[in-house]
K.L.:
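One structure follows; several queries about it will come next.
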Amino acid sequence: MDKLLIIDGNSIAYRAFYALPLLSNSSGLHTNAVYGFTTMLMKLIEEEKPTHFLVAFDAGKITFRHAHFAEYKGGRSKTPPELSEQFPLIRELIEAFGIRQFELDGYEADDIIGTLTKEADQLGRQIVVVSGDKDMLQLASDHVTIALTRKGVSEVDRYNPGEVNERYGLTPLQIIDLKGLMGDTSDNIPGIPGVGEKTALKLLHEYGTVEEVLAHADQIKGKLGEKVTEHAESAKLSKELATIFREVPMGTEWNEFAYEGWKSTKLKELFRKLEFKSLLDKTDFSTGQSEAEELEPVYEEPAVPVRILHTEDELAQLIDVLADVTGVYVEVIGDNPHQAEVIGAAFHTAACGFYVPLAALRGTSERAQAVRAYLGDASTKKVVYDLHRIDIALRWSNVALRGVTFDVLLAAYLLDPTESGLTLSSLAAKHGVGVLAADEEIYGKGTKFRLPEETVLAAHICRKAEVTARLAEPLAEHLKNSGMEPLFYELELPLSGVLADMEQQGIAADAKTLKRLGESLSARLEELMNRIYALAGVEFNINSPKQLGEVLFEKLGMPPVKKTKTGYSTDAEVLEKLAPYNPVVEQILNYRQLAKLNSTYIEGLLKEIRPETGKVHTYYKQTIAATGRLSSQYPNLQNIPIRMEEGRQIRKAFVPSEPGWHILAADYSQIELRVLAHISKDKNLIEAFLHDLDIHTKTAMDVFGVGQDQVDANMRRQAKAVNFGIVYGISDYGLSQNLNITRKEAAAFIEQYFAVFQGVHQFMEDIVKEARQDGYVSTLLGRRRYLPDITASNFNLRSFAERTAMNTPIQGTAADIIKLAMVNMAERLRQEKLQSRMLLQVHDELVFEVPEHEVALMKQLVPEVMEQAIKLDVPLRADVSEGLDWYDAK
DNA sequence: GAGCTCACG
DNA sequence: ACGTACGTGAGCTCA
């Protein structure tokens, strides 16, 4: 039996848009409506199994309804741009799904659907209509099922005449009368003022139709009767407007809507473009796929022949043309480059691609050595993808890499540091240098990961080298046009090597110290757990926010302070508010703290210590943070506890790797506020730093209008919070949350602050304006961050972008400065042939291990290099300290 | 794999 | 009215 599924395209697009949060892909394209549409289509195809399928759209600006009634749909607010931009994508999506779309000038989707369902009734065919619009119920019949979206777009309620009657006590045709009486504000259909659904239903249950209601207006008592008489014309017109027109000259045949399944290639391509990663993984694209399409390759082979070089003889081919190599790709498998496996390297020339497996690369023959010499030669220029990562991996394989003059990934990151998936494959697509298969397609993912046979592997890796080579020019050009050449060539590229040195060196972590701390923690955790069970009167998993919420808010009846998307919030802020209700709360806070220490910093860290060396080797990601900061992984050494004494003990485990050496740490004092003073040129702030005042005390003096000796601890605390707020992109709401004060009080603080620091106020206004004008903000060294949401109509999105506009130049410039200091520091250590080693960077702090005899020198040198990294309108200050371990160096 | 929580600057 | 402080990574639970 045939079944035609018709979707009310506009209605569902709106539904999806408002039901889902405003998602966007990495290039800032909004995708929530497309996503909702996609999931709905997939669900419908699977559940309804339609033989025929159609999406109907409204067309043209003037429908015949406007001819009758100028105000029709006048009340509808303009389609938000975030949705408008998604319509072409929705069209593309439907096309990829192989579904017919239909529209006709001057008609709405309703009318098209009305006409088709009328035919269905006459011919006895089955139709399911999917819409978010209740008006559609007038079309319900034995043959026509109306499926209305319920919550969001994921679920629908299905109506045949029986269900319409059950819900409203009306026939489908009476739905028109219902709307005639009650009107519809969203379509600007007036109806009878004051008559809502309840009254309208009462009238219809009594009289049946609008006409009958009007005819008996004199029998209707009181105000209602008057209204009905007064607005009789409006009711008639409204009914007319609510009536779906069912005589559209379609000029189509039933069979034109036959559904034969989706077009896998197109669909996959589109999902990839939209970054629907979960759908890409979950979807079985084979369904409904035509043979010809399946065979179409989704990626390109290398444009040049591929040679695999195993033997010494074979390597000779490459050695002759090393000077012609334009791109090198090193395949490294594994997330952590310190433990990753180097599979091999590909060398691209205009004539040929050469693949050298690791074994051949590491060979002892003269020719293998010549290839390694090429890689390690600082004077032969090389273009690669992800220098930092392959550098680390190659070092562990005893292969040196020098002379890299361009890194495609690093360049792409600088060009748009918020772009999340900067894979070589996506970069190739973005810059139009050819199609490269994603690694997942060649290797599979998760447990299915497998290296393919060598010819396939070699082709893929050679293709990567080819694409890498082709990307260098356009990316270099973009860097130049954006004024980021110095940032790239003089800072980020050299930094990459400095980081690799630090990471390879690693920092010694004393397992014994950690274990000792762990034992004490475990004992206390056990005790706390029992105490919590006793106080709560029930045993449960304290680590489960869900179970904890049930105990606190249901069993013990405490008031929920805050909700999360999925239930009660139980974070520390909430627990602190709940502490007075029951002593168990304090114990839970305590438990949380110790559990975190134990699992993340004791057990987690122990797992990362290399047994052979007793060191941990973090990996700094250079291309992740939107502000230009580094991030640290495997393990993260940028969030080792310090604020609480108990956690701070962890730092005792970080020790020098040589006997008798010391740990030396130097951190910038108030670097972000100093940067702010410089870029805002605020006189007061500059003055404060020229005199090296305690900036929070100074802020308290100015904001509270008191003398230095009148500033108490609480005033200083509040001033400090204001300073943080300034750096983060201040808002009264955020400050009020942080200080636990009212929004009004917070606003007063901010106003007072801006009155005293007028230059800062001016800067905040200017930077937002600049972002709006240019579409991006910059740091002192020209690092950019694009802020597409700065013009969003959505308040939240726009506000977020505005705060980011204020914060990024500050945080980002601070990041620039410490990066400069690191490059300079590495250079000085080399020049002066010092044994001291730079080990860690923690955003505003550098950590070294230093032989005893260099301690005095380094205590001079390190702050000096840090302070001289760049010349600002205010002095930079770095404090240095040293001791036997990282805890001691405070 | 997403959501929550929490460690750092 | 809207309702978040900026930037990260990791461990745990639960679907």
Side-chain angles (χ1 to χ4, degrees), chain A residues 277-278 281-282 335 417-418 445-446 540-549 562-575 588-589 591-605 607-608 618-621 624-644 646-648 650-651 667-668 670-672 721-739 743 746 750 785 792-812 814-815 818 840-845:
Chain A
K277 298 206 177 74
S278 59
D281 297 342
K282 272 190 279 180
D335 288 332
T418 56
K445 59 174 269 184
F540 63 103
N541 186 344
I542 309 168
N543 290 322
S544 162
K546 191 172 162 232
Q547 292 182 35
L548 178 59
K562 196 166 66 168
K563 281 185 302 192
T564 67
K565 265 190 277 185
T566 50
Y568 307 113
S569 171
T570 65
D571 65 19
E573 192 193 320
V574 169
L575 294 183
I588 291 167
L589 277 164
Y591 176 93
R592 278 253 177 95
Q593 200 188 44
L594 300 190
K596 174 89 175 183
L597 289 178
N598 201 37
S599 62
T600 305
Y601 298 103
I602 301 292
E603 285 167 18
L605 215 45
K607 279 185 214 144
E608 294 289 344
T618 190
Y619 172 58
Y620 290 106
K621 295 205 98 177
I624 281 291
T627 52
R629 275 190 177 182
L630 300 173
S631 84
S632 158
Q633 289 179 317
Y634 318 124
N636 181 353
L637 294 183
Q638 291 182 321
N639 68 349
I640 303 302
I642 189 166
R643 294 173 189 169
M644 298 294 213
E646 277 168 313
R648 196 170 189 157
I650 304 277
R651 295 185 172 227
D667 66 308
Y668 279 114
Q670 303 297 347
I671 188 165
E672 293 189 335
V722 171
N723 279 328
F724 269 93
I726 292 294
V727 168
Y728 291 159
I730 194 101
S731 77
D732 49 12
Y733 184 83
L735 184 64
S736 73
Q737 289 294 300
N738 190 279
L739 283 178
R743 218 177 63 212
I750 295 166
R785 177 169 181 181
S793 55
N794 180 304
F795 173 86
N796 272 332
L797 284 179
R798 190 177 62 250
S799 305
F800 190 17
E802 287 169 357
R803 291 194 299 277
T804 311
M806 303 183 226
N807 172 262
T808 294
I810 302 173
Q811 191 183 119
I818 195 163
L840 303 177
Q841 188 252 43
V842 193
H843 309 306
D844 65 352
E845 173 186 14

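Residue numbering restarts at 1 for every chain, and letters A, B, ... go by the order of the sequence lines. Quantities reported herein were computed from a predicted structural model and do not represent experimental measurements.
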K.L.:
Which of these nucleotides, B:dA7, C:dT4, B:dC6, is closest to any side-chain atom of A:S731?
P.N.:
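For the A:S731 side chain, the nearest candidate turns out to be C:dT4.
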K.L.:
Between C:dG7, B:dG9, C:dA5, which nucleotide gets closest to the side-chain atoms of A:V842?
P.N.:
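My answer, after comparing the listed nucleotides, is B:dG9.
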K.L.:
Tell me the interatomic distance from A:L637, atom CG, to B:dC8, atom C1', rounded to whole angstroms.
P.N.:
11 Å
K.L.:
Could you encode protein contacts along nucleotides 8-15 of chain C as a string, one character per nucleotide from 5' to 3', using B for base contact, S for sugar-phosphate-only contact and - for no contact, with a heavy-atom cut-off of under 4.0 Å?
P.N.:
SBSSSSSS
K.L.:
Please determine, for the side chain of A:T564, which listed nucleotide (B:dT5, B:dC6, C:dC2) has the closest atom?
P.N.:
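Comparing B:dT5, B:dC6, C:dC2 against the side chain of A:T564, the answer is B:dT5.
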K.L.:
Heavy atoms only, 4.0 Å cut-off, all strands: where does A:A805 land among base, sugar-phosphate and nothing?
P.N.:
nothing
K.L.:
Between C:dC6 and A:R629, is there an OP1 or OP2 to side-chain N/O distance shorter than 4.0 Å?
P.N.:
no
K.L.:
Taking atom C1' of B:dC6 as reference, at what distance in whole Å does atom CG of A:N598 sit?
P.N.:
15 Å
K.L.:
To the nearest 0.5 Å, what is the distance between OH on A:Y591 and CG on A:L575?
P.N.:
13.5 Å
K.L.:
Given Watson-Crick or G-U pairs with both distances under 3.5 Å, what dot-bracket string fits DNA chain C, with | for other-strand pairs and [ ] for crossing?
P.N.:
.....|||||||||.
K.L.:
Mind checking what makes side-chain hydrogen bond (donor to acceptor under 3.5 Å, both in side chains) contact with A:R785, not counting sequence neighbours?
P.N.:
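side-chain hydrogen bond (donor to acceptor under 3.5 Å, both in side chains) check on A:R785 returns A:T808.
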K.L.:
Per the salt bridge (charged side-chain N to carboxylate O under 4.0 Å, His left out) rule, what does the pair list look like for residues 625-642 of chain A, sequence neighbours excluded?
P.N.:
A:R629-A:E672
K.L.:
Under 4.0 Å, heavy atoms only, any strand: does A:T570 hit a base, just the sugar-phosphate, or nothing?
P.N.:
sugar-phosphate
K.L.:
Does any N or O donor sit under 3.5 Å from an N or O acceptor when you compare the side chain of A:Q811 with the base of C:dC6?
P.N.:
yes
K.L.:
OP1 or OP2 of B:dA7 versus the side-chain N and O atoms of A:R643: is any pair under 4.0 Å?
P.N.:
no
K.L.:
How long is the straight-line distance from CG of A:L637 back to CG of A:L840, given to the nearest 0.5 Å?
P.N.:
5.5 Å
K.L.:
When we call it a touch if two heavy atoms are under 4.0 Å apart, what does A:N738 touch: a base, just sugar-phosphate, or nothing?
P.N.:
base
K.L.:
Describe the nucleic acid contact of A:I810 in one word from base, sugar-phosphate, nothing, applying a heavy-atom distance below 4.0 Å.
P.N.:
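Nothing, no nucleic acid heavy atom in range.
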K.L.:
Can you tell me how far CZ of A:F540 sits from NZ of A:K546, rounded to the nearest 0.5 angstrom?
P.N.:
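These two atoms lie 14.0 Å from each other.
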K.L.:
Just call it for A:A572: base, sugar-phosphate, or nothing, with non-hydrogen atoms closer than 4.0 Å on any strand.
P.N.:
sugar-phosphate
K.L.:
For A:D571, give me all partners under salt bridge (Lys or Arg N to Asp or Glu O under 4.0 Å), at least two apart in sequence or on another chain.
P.N.:
A:K562
K.L.:
Need one value for A:R785: base, sugar-phosphate or nothing, where a base atom within 4.0 Å counts as base even if backbone is also close, heavy atoms only.
P.N.:
sugar-phosphate
K.L.:
With sequence neighbours excluded, tell me which residues meet side-chain hydrogen bond (donor to acceptor under 3.5 Å, both in side chains) with A:Y568.
P.N.:
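Once residues adjacent in sequence are excluded, the partners of A:Y568 under the side-chain hydrogen bond (donor to acceptor under 3.5 Å, both in side chains) criterion are A:E554.
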K.L.:
Let me know the distance between CD1 of A:I642 and P of B:dG9, rounded to the nearest Å.
P.N.:
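These atoms are roughly 6 Å apart.
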K.L.:
Just wondering, are more than 12 heavy atoms of other shown residues or ligands nearer than 6.0 Å to CZ in A:F724?
P.N.:
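No.
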K.L.:
Between A:N807 and A:Y733, which has a closest nucleotide on DNA chain C that is more 5'?
P.N.:
A:Y733
K.L.:
Keeping A:R798 on the side-chain end and A:A792 on the backbone end, is there a donor-acceptor pair under 3.5 Å?
P.N.:
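Answer holds: yes.
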